[in-house]
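Notes follow the structure.
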Amino acid sequence: MLSQQASDSDSETSTTSHKVDAPSAPLTKRDLKDMLTEMKSLVAEELTKHLAPLKEGLTDLTKRTQALENKMEEVTATTSTHEASIKELQEQFTYLEDMQEDLNNRSRRNNIRIRGLPEPSTPEALTAILHEAFSSLLPDALPSDLLLDRAHRALRPPSSSPTQPRDIIIRCHYFHIKEAIMRATRETPLQIEGHTVQLYHDLAPTTLRKRRELKPLTQALQAQGIRYSWGHPFKLMVRHNNRTFTLTKPSEARDFAAQLGISDLNGALHTASQQPMPQRRPWDPQPQRDRTRGQRSSQTYA
(Lines give C-alpha, C1' and ligand atoms only; values in the text may rest on other atoms or scores of the structure.)
Protein backbone atom coordinates (compact mmCIF):
# COMPACT_ATOMS: atom_id res chain seq x y z
CA MET A 1 0.00 0.00 0.00
CA LEU A 2 2.72 2.45 0.97
CA SER A 3 4.79 1.72 -2.07
CA GLN A 4 1.83 2.30 -4.30
CA GLN A 5 1.15 5.73 -2.73
CA ALA A 6 4.81 6.77 -3.17
CA SER A 7 4.74 5.81 -6.79
CA ASP A 8 1.54 7.84 -7.28
CA SER A 9 3.14 10.88 -5.59
CA ASP A 10 6.22 10.67 -7.82
CA SER A 11 4.00 10.38 -10.83
CA GLU A 12 2.10 13.61 -9.91
CA THR A 13 5.38 15.47 -9.23
CA SER A 14 6.81 14.52 -12.60
CA THR A 15 3.56 15.53 -14.28
CA THR A 16 3.59 18.92 -12.57
CA SER A 17 7.20 19.60 -13.49
CA HIS A 18 6.44 18.57 -17.03
CA LYS A 19 3.63 21.18 -17.14
CA VAL A 20 5.90 23.96 -15.79
CA ASP A 21 8.74 23.23 -18.22
CA ALA A 22 6.40 23.21 -21.16
CA PRO A 23 6.81 26.21 -23.59
CA SER A 24 4.35 29.19 -23.26
CA ALA A 25 1.65 29.94 -25.81
CA PRO A 26 2.67 32.01 -28.92
CA LEU A 27 2.21 35.86 -28.79
CA THR A 28 -0.70 37.30 -30.59
CA LYS A 29 -0.91 40.57 -32.53
CA ARG A 30 -2.70 42.14 -29.63
CA ASP A 31 0.13 41.22 -27.31
CA LEU A 32 2.71 42.72 -29.70
CA LYS A 33 0.62 45.83 -30.03
CA ASP A 34 0.34 46.22 -26.26
CA MET A 35 4.08 45.69 -25.87
CA LEU A 36 4.82 48.26 -28.60
CA THR A 37 2.48 50.79 -27.00
CA GLU A 38 4.11 50.28 -23.64
CA MET A 39 7.55 50.66 -25.17
CA LYS A 40 6.52 53.88 -26.95
CA SER A 41 5.17 55.33 -23.75
CA LEU A 42 8.40 54.47 -21.93
CA VAL A 43 10.55 56.03 -24.68
CA ALA A 44 8.34 59.13 -24.86
CA GLU A 45 8.54 59.52 -21.11
CA GLU A 46 12.35 59.24 -21.17
CA LEU A 47 12.65 61.66 -24.08
CA THR A 48 10.32 64.14 -22.40
CA LYS A 49 12.35 63.93 -19.22
CA HIS A 50 15.67 64.51 -21.03
CA LEU A 51 14.43 67.01 -23.61
CA ALA A 52 12.67 69.32 -21.15
CA PRO A 53 15.90 71.16 -20.17
CA LEU A 54 16.85 71.46 -23.84
CA LYS A 55 13.45 72.90 -24.67
CA GLU A 56 13.81 75.46 -21.87
CA GLY A 57 17.29 76.39 -23.13
CA LEU A 58 16.03 76.78 -26.70
CA THR A 59 13.15 78.93 -25.51
CA ASP A 60 15.53 81.16 -23.58
CA LEU A 61 17.92 81.32 -26.56
CA THR A 62 15.04 82.26 -28.85
CA LYS A 63 14.03 85.10 -26.54
CA ARG A 64 17.60 86.37 -26.32
CA THR A 65 18.04 86.13 -30.10
CA GLN A 66 14.83 88.06 -30.63
CA ALA A 67 15.97 90.71 -28.15
CA LEU A 68 19.31 91.01 -29.96
CA GLU A 69 17.57 91.33 -33.33
CA ASN A 70 15.33 94.06 -31.95
CA LYS A 71 18.34 95.83 -30.47
CA MET A 72 20.21 95.50 -33.76
CA GLU A 73 17.27 97.06 -35.58
CA GLU A 74 17.30 99.96 -33.12
CA VAL A 75 21.07 100.37 -33.49
CA THR A 76 20.78 100.27 -37.29
CA ALA A 77 18.05 102.89 -37.28
CA THR A 78 20.04 105.07 -34.85
CA THR A 79 23.20 104.67 -36.94
CA SER A 80 21.36 105.70 -40.08
CA THR A 81 20.03 108.77 -38.27
CA HIS A 82 23.51 109.60 -36.96
CA GLU A 83 25.05 109.18 -40.41
CA ALA A 84 22.56 111.64 -41.84
CA SER A 85 23.23 114.04 -38.96
CA ILE A 86 27.00 113.69 -39.33
CA LYS A 87 26.78 114.33 -43.06
CA GLU A 88 24.68 117.42 -42.43
CA LEU A 89 27.11 118.65 -39.76
CA GLN A 90 30.05 118.06 -42.11
CA GLU A 91 28.34 120.13 -44.78
CA GLN A 92 27.63 122.88 -42.27
CA PHE A 93 31.22 122.77 -41.00
CA THR A 94 32.59 122.98 -44.54
CA TYR A 95 30.27 125.90 -45.26
CA LEU A 96 31.31 127.73 -42.08
CA GLU A 97 34.97 126.99 -42.78
CA ASP A 98 34.65 128.43 -46.28
CA MET A 99 32.82 131.47 -44.92
CA GLN A 100 35.51 132.02 -42.28
CA GLU A 101 38.22 131.76 -44.95
CA ASP A 102 36.34 134.20 -47.18
CA LEU A 103 35.90 136.68 -44.32
CA ASN A 104 39.59 136.33 -43.49
CA ASN A 105 40.54 137.12 -47.08
CA ARG A 106 38.10 140.03 -47.22
CA SER A 107 39.67 141.52 -44.11
CA ARG A 108 43.02 141.36 -45.96
CA ARG A 109 41.80 142.72 -49.29
CA ASN A 110 43.60 146.06 -48.79
CA ASN A 111 46.84 144.36 -47.70
CA ILE A 112 50.02 143.90 -49.73
CA ARG A 113 52.83 141.53 -48.79
CA ILE A 114 56.28 142.83 -49.84
CA ARG A 115 59.17 140.38 -50.06
CA GLY A 116 62.87 141.07 -50.51
CA LEU A 117 63.58 144.23 -48.48
CA PRO A 118 66.44 143.63 -46.01
CA GLU A 119 66.10 144.27 -42.33
CA PRO A 120 66.25 146.14 -40.00
CA SER A 121 63.72 148.86 -40.58
CA THR A 122 61.52 150.47 -37.97
CA PRO A 123 57.79 150.88 -38.73
CA GLU A 124 58.23 154.64 -39.01
CA ALA A 125 61.10 154.25 -41.47
CA LEU A 126 59.15 151.63 -43.42
CA THR A 127 56.20 153.94 -43.88
CA ALA A 128 58.39 156.76 -45.21
CA ILE A 129 60.36 154.43 -47.49
CA LEU A 130 57.25 152.80 -48.93
CA HIS A 131 55.44 156.09 -49.40
CA GLU A 132 58.39 157.36 -51.45
CA ALA A 133 58.54 154.13 -53.51
CA PHE A 134 54.81 154.18 -54.26
CA SER A 135 54.95 157.85 -55.21
CA SER A 136 57.54 157.05 -57.89
CA LEU A 137 55.52 154.01 -58.99
CA LEU A 138 52.25 156.01 -59.26
CA PRO A 139 53.32 159.55 -60.17
CA ASP A 140 49.73 160.63 -60.94
CA ALA A 141 48.41 159.64 -57.53
CA LEU A 142 47.89 162.34 -54.91
CA PRO A 143 49.92 162.07 -51.71
CA SER A 144 46.69 161.84 -49.75
CA ASP A 145 45.68 158.81 -51.80
CA LEU A 146 48.88 156.95 -50.91
CA LEU A 147 47.81 156.73 -47.30
CA LEU A 148 48.98 153.60 -45.47
CA ASP A 149 47.03 152.50 -42.43
CA ARG A 150 49.95 150.41 -41.18
CA ALA A 151 53.23 148.85 -42.28
CA HIS A 152 55.12 146.22 -40.32
CA ARG A 153 57.19 143.09 -40.65
CA ALA A 154 55.58 139.65 -40.56
CA LEU A 155 54.83 138.55 -37.02
CA ARG A 156 57.51 135.90 -36.65
CA PRO A 157 61.03 135.84 -35.23
CA PRO A 158 63.70 137.43 -37.44
CA SER A 159 65.71 135.03 -39.54
CA SER A 160 69.34 134.43 -38.65
CA SER A 161 70.21 134.72 -42.35
CA PRO A 162 70.32 138.28 -43.75
CA THR A 163 69.32 136.91 -47.16
CA GLN A 164 65.91 135.83 -45.81
CA PRO A 165 64.30 138.96 -44.38
CA ARG A 166 60.78 138.85 -43.06
CA ASP A 167 57.99 139.96 -45.36
CA ILE A 168 56.53 143.43 -44.97
CA ILE A 169 52.76 143.66 -44.65
CA ILE A 170 51.12 146.96 -45.44
CA ARG A 171 47.51 148.04 -45.50
CA CYS A 172 46.49 150.65 -48.04
CA HIS A 173 43.73 152.95 -46.94
CA TYR A 174 42.11 152.86 -50.39
CA PHE A 175 41.47 149.62 -52.23
CA HIS A 176 41.80 151.17 -55.70
CA ILE A 177 45.31 152.39 -54.79
CA LYS A 178 46.25 148.88 -53.73
CA GLU A 179 45.00 147.51 -57.06
CA ALA A 180 46.85 150.23 -58.96
CA ILE A 181 50.09 149.35 -57.15
CA MET A 182 49.66 145.65 -57.97
CA ARG A 183 48.94 146.41 -61.65
CA ALA A 184 51.91 148.74 -61.94
CA THR A 185 54.35 146.18 -60.50
CA ARG A 186 53.30 143.64 -63.13
CA GLU A 187 54.84 145.90 -65.75
CA THR A 188 57.60 147.63 -63.77
CA PRO A 189 59.42 145.85 -60.93
CA LEU A 190 59.40 147.91 -57.73
CA GLN A 191 62.78 149.16 -56.51
CA ILE A 192 63.18 150.10 -52.84
CA GLU A 193 66.57 151.38 -51.68
CA GLY A 194 68.27 149.60 -54.57
CA HIS A 195 66.55 146.26 -53.89
CA THR A 196 64.07 144.70 -56.29
CA VAL A 197 61.13 143.54 -54.22
CA GLN A 198 58.17 141.32 -55.01
CA LEU A 199 54.58 142.18 -54.18
CA TYR A 200 51.87 139.62 -53.37
CA HIS A 201 48.29 139.66 -52.21
CA ASP A 202 48.01 138.95 -48.50
CA LEU A 203 45.89 135.79 -48.29
CA ALA A 204 44.61 133.57 -45.50
CA PRO A 205 46.82 130.57 -44.59
CA THR A 206 44.10 128.12 -45.65
CA THR A 207 43.89 129.76 -49.07
CA LEU A 208 47.66 129.57 -49.47
CA ARG A 209 47.58 125.90 -48.56
CA LYS A 210 44.89 125.15 -51.15
CA ARG A 211 46.79 127.07 -53.82
CA ARG A 212 49.94 125.17 -52.91
CA GLU A 213 48.08 121.88 -53.38
CA LEU A 214 46.98 123.02 -56.85
CA LYS A 215 50.45 124.17 -57.91
CA PRO A 216 51.03 121.14 -60.20
CA LEU A 217 47.74 121.88 -61.94
CA THR A 218 48.46 125.58 -62.41
CA GLN A 219 51.94 124.74 -63.71
CA ALA A 220 50.37 122.38 -66.26
CA LEU A 221 47.91 125.11 -67.27
CA GLN A 222 50.75 127.57 -67.77
CA ALA A 223 52.72 125.02 -69.78
CA GLN A 224 49.77 124.56 -72.15
CA GLY A 225 49.03 128.27 -72.37
CA ILE A 226 45.65 127.99 -70.64
CA ARG A 227 44.72 131.12 -68.72
CA TYR A 228 43.24 130.85 -65.26
CA SER A 229 42.25 133.12 -62.40
CA TRP A 230 41.53 132.82 -58.70
CA GLY A 231 38.19 133.72 -57.14
CA HIS A 232 36.69 134.21 -53.70
CA PRO A 233 35.39 132.22 -51.92
CA PHE A 234 38.19 129.89 -52.97
CA LYS A 235 37.88 128.79 -56.58
CA LEU A 236 40.05 128.26 -59.62
CA MET A 237 38.42 129.50 -62.82
CA VAL A 238 39.66 128.36 -66.24
CA ARG A 239 38.48 129.54 -69.64
CA HIS A 240 39.13 126.84 -72.25
CA ASN A 241 37.53 126.10 -75.63
CA ASN A 242 34.90 128.82 -75.11
CA ARG A 243 33.83 127.17 -71.86
CA THR A 244 34.36 128.17 -68.24
CA PHE A 245 35.47 125.52 -65.76
CA THR A 246 35.42 126.14 -62.00
CA LEU A 247 37.20 124.15 -59.31
CA THR A 248 36.30 124.74 -55.65
CA LYS A 249 37.85 121.70 -53.92
CA PRO A 250 41.52 120.68 -54.33
CA SER A 251 40.48 117.04 -53.85
CA GLU A 252 38.69 117.20 -57.22
CA ALA A 253 41.73 118.54 -59.09
CA ARG A 254 42.45 115.30 -60.96
CA ASP A 255 38.92 115.10 -62.40
CA PHE A 256 39.10 118.81 -63.18
CA ALA A 257 42.36 118.28 -65.08
CA ALA A 258 40.80 115.41 -67.03
CA GLN A 259 37.98 117.71 -68.18
CA LEU A 260 40.63 120.08 -69.54
CA GLY A 261 42.48 117.27 -71.29
CA ILE A 262 45.46 117.33 -68.88
CA SER A 263 46.57 113.84 -67.90
CA ASP A 264 50.21 114.22 -66.83
CA LEU A 265 49.54 114.99 -63.14
CA ASN A 266 49.86 111.35 -61.99
CA GLY A 267 51.45 111.70 -58.56
CA ALA A 268 52.09 115.43 -58.49
CA LEU A 269 48.80 116.41 -56.88
CA HIS A 270 49.09 113.73 -54.20
CA THR A 271 52.66 114.77 -53.42
CA ALA A 272 51.71 118.44 -53.17
CA SER A 273 48.77 117.71 -50.88
CA GLN A 274 51.04 115.79 -48.51
CA GLN A 275 53.50 118.64 -48.05
CA PRO A 276 53.24 120.09 -44.54
CA MET A 277 52.42 123.71 -43.95
CA PRO A 278 55.46 125.85 -43.13
CA GLN A 279 55.85 126.26 -39.42
CA ARG A 280 57.00 129.32 -37.55
CA ARG A 281 60.31 129.09 -35.79
CA PRO A 282 60.00 129.21 -32.00
CA TRP A 283 60.67 132.50 -30.33
CA ASP A 284 64.14 132.86 -28.88
CA PRO A 285 63.97 133.14 -25.10
CA GLN A 286 64.64 136.67 -24.01
CA PRO A 287 66.72 137.34 -20.91
CA GLN A 288 64.58 138.39 -17.99
CA ARG A 289 64.94 141.93 -16.87
CA ASP A 290 66.29 142.64 -13.44
CA ARG A 291 63.17 143.87 -11.69
CA THR A 292 65.21 145.03 -8.69
CA ARG A 293 66.94 147.64 -10.85
CA GLY A 294 65.57 151.07 -10.20
CA GLN A 295 63.75 150.08 -7.04
CA ARG A 296 64.40 152.23 -4.02
CA SER A 297 65.88 150.59 -1.00
CA SER A 298 64.43 150.96 2.44
CA GLN A 299 67.38 153.17 3.39
CA THR A 300 66.09 155.87 1.06
CA TYR A 301 63.21 156.50 3.40
CA ALA A 302 65.31 156.35 6.53
Side-chain angles (χ1 to χ4, degrees), residues 93-119 121-135 137-138 141 144-159 164-190 192 195-215 217-218 227-238 246-250 253 272-273 275-281 283:
F93 176 78
T94 302
Y95 172 77
L96 293 175
E97 192 176 36
D98 293 340
M99 289 298 296
Q100 187 272 340
E101 178 184 350
D102 184 50
L103 291 173
N104 195 349
N105 285 320
R106 289 180 183 275
S107 67
R108 301 166 181 252
R109 66 194 305 263
N110 283 24
N111 292 6
I112 299 177
R113 185 176 287 264
I114 303 175
R115 185 169 300 166
L117 185 62
E119 299 187 53
S121 296
T122 62
E124 294 79 8
L126 277 178
T127 303
I129 293 171
L130 294 174
H131 193 278
E132 181 181 357
F134 294 153
S135 298
L137 186 65
L138 302 176
S144 58
D145 293 337
L146 299 177
L147 178 61
L148 301 180
D149 293 339
R150 59 179 177 268
H152 58 84
R153 294 280 179 178
L155 301 179
R156 60 181 178 84
S159 175
Q164 296 179 351
R166 292 176 296 173
D167 293 349
I168 298 173
I169 301 174
I170 66 171
R171 176 178 174 81
C172 299
H173 188 75
Y174 300 104
F175 178 74
H176 69 279
I177 294 297
K178 179 246 185 174
E179 289 295 299
I181 293 173
M182 298 300 293
R183 284 194 301 267
T185 53
R186 295 192 189 103
E187 302 175 357
T188 305
L190 182 61
I192 301 179
H195 301 279
T196 301
V197 297
Q198 299 173 335
L199 273 65
Y200 301 95
H201 294 282
D202 187 29
L203 300 174
T206 52
T207 303
L208 293 175
R209 176 180 56 82
K210 293 177 181 178
R211 291 192 179 188
R212 188 178 296 108
E213 292 178 8
L214 295 178
K215 187 176 181 179
L217 176 59
T218 55
R227 302 187 62 178
Y228 65 90
S229 60
W230 301 103
H232 297 282
F234 179 82
K235 66 182 68 173
L236 175 65
M237 298 175 291
V238 177
T246 303
L247 174 66
T248 58
K249 298 180 180 179
S273 62
Q275 293 179 353
M277 289 285 291
Q279 302 293 327
R280 291 181 176 178
R281 295 191 300 108
W283 290 94

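Only heavy atoms go into these numbers, but all of them, side chains included; no hydrogens, no water, no symmetry mates. Throughout, numbering of the chain's residues begins at 1 and tracks the sequence.
In this structure, Leu236 and Tyr228 have side chains that are in contact, with non-hydrogen atoms separated by less than 4.5 Å. The shortest distance between side-chain heavy atoms of Phe234 and Leu214 falls below 4.5 Å. Side chains of His173 and Leu148 form no contact here, defined as non-hydrogen atoms less than 4.5 Å apart. Under the 4.5 Å side-chain criterion, counting only non-hydrogen atoms from C-beta, Ile192 is in contact with Leu190. Cys172 has its side chain within reach of Ile181: a pair of non-hydrogen atoms, C-beta onward, lies under 4.5 Å apart. The shortest distance between side-chain heavy atoms of Ile177 and Asn110 does not fall below 4.5 Å. Within the 4.5 Å cutoff, the side chain of Lys210 has heavy atoms near those of the Glu101 side chain. Residues His152 and Ile169 have side chains in contact (heavy-atom distance under 4.5 Å, counting atoms from C-beta outward).
Note that the CZ atom of Arg211 and the CG atom of Leu208 stand 7.5 Å from one another [nearest 0.5 Å]. One finds the CG atom of Leu117 at 4.0 Å from the CD1 atom of Ile168 (value rounded to the nearest 0.5 Å). Here the CZ-OH distance, from Arg115 to Tyr200, works out to 5.0 Å after rounding to the nearest 0.5 Å.
Between the side chains of Tyr95 and Glu97, not a single donor N or O lies within less than 3.5 Å of an accepting N or O. Asn104 and Arg108 share a donor-acceptor pair across their side chains, judged by distance under 3.5 Å alone. In this structure, a donor-acceptor pair under 3.5 Å is present between the side chains of His201 and Lys178. Counting only N and O atoms by type, the side chains of Asp102 and His232 include no donor and acceptor under 3.5 Å apart.
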Met237/Trp230 under side chain to side chain contact (heavy atoms under 4.5 Å, CB included): CA gap, chis, key distance, verdict | CA-CA 6 Å; Met237 298 175 291; Trp230 301 103; over 6 Å; no

Ile112 vs Asp202, side chain to side chain contact (heavy atoms under 4.5 Å, CB included): CA-CA, chis, key distance, verdict = CA-CA 5 Å; Ile112 299 177; Asp202 187 29; over 6 Å; no

Show your reasoning for whether side chain to side chain contact (heavy atoms under 4.5 Å, CB included) applies to Asn111 and Ile170.
-> CA-CA 5 Å; Asn111 292 6; Ile170 66 171; over 6 Å; no

Report the C-alpha separation of Ile114 and Asp167 in whole Å, then their side-chain angles, then the decisive distance to 0.1 Å, and conclude whether the side chain to side chain contact (heavy atoms under 4.5 Å, CB included) test is met.
-> CA-CA 6 Å; Ile114 303 175; Asp167 293 349; over 6 Å; no

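Around the CD atom of Glu132, the shell of radius 6.0 Å holds no more than 12 heavy atoms that belong to other residues, nucleotides or ligands. By the neighbour-count criterion of 12 heavy atoms within 6.0 Å, atom CZ of Phe93 is sparsely surrounded, having that number or fewer from other residues, nucleotides or ligands.
Put simply, the side chain of Arg166 never gets that close to the backbone of Arg153: no donor and acceptor are under 3.5 Å apart. The backbone N or O of His131 lies less than 3.5 Å from a partner atom in the side chain of Ser135, making a donor-acceptor pair.
Between Tyr174 and His176, the ring-plane angle classifies as tilted under the 30° and 60° cut-offs.
Contact detail for Gly116 and Pro165: the closest heavy-atom pair is C-CG, 4.3 Å. In plain terms, the two heavy atoms of Ala151 and Thr127 that are nearest each other are CB-OG1, 4.0 Å. Of all heavy-atom pairs between Pro158 and Glu119, the closest is CB-OE1, 4.3 Å.
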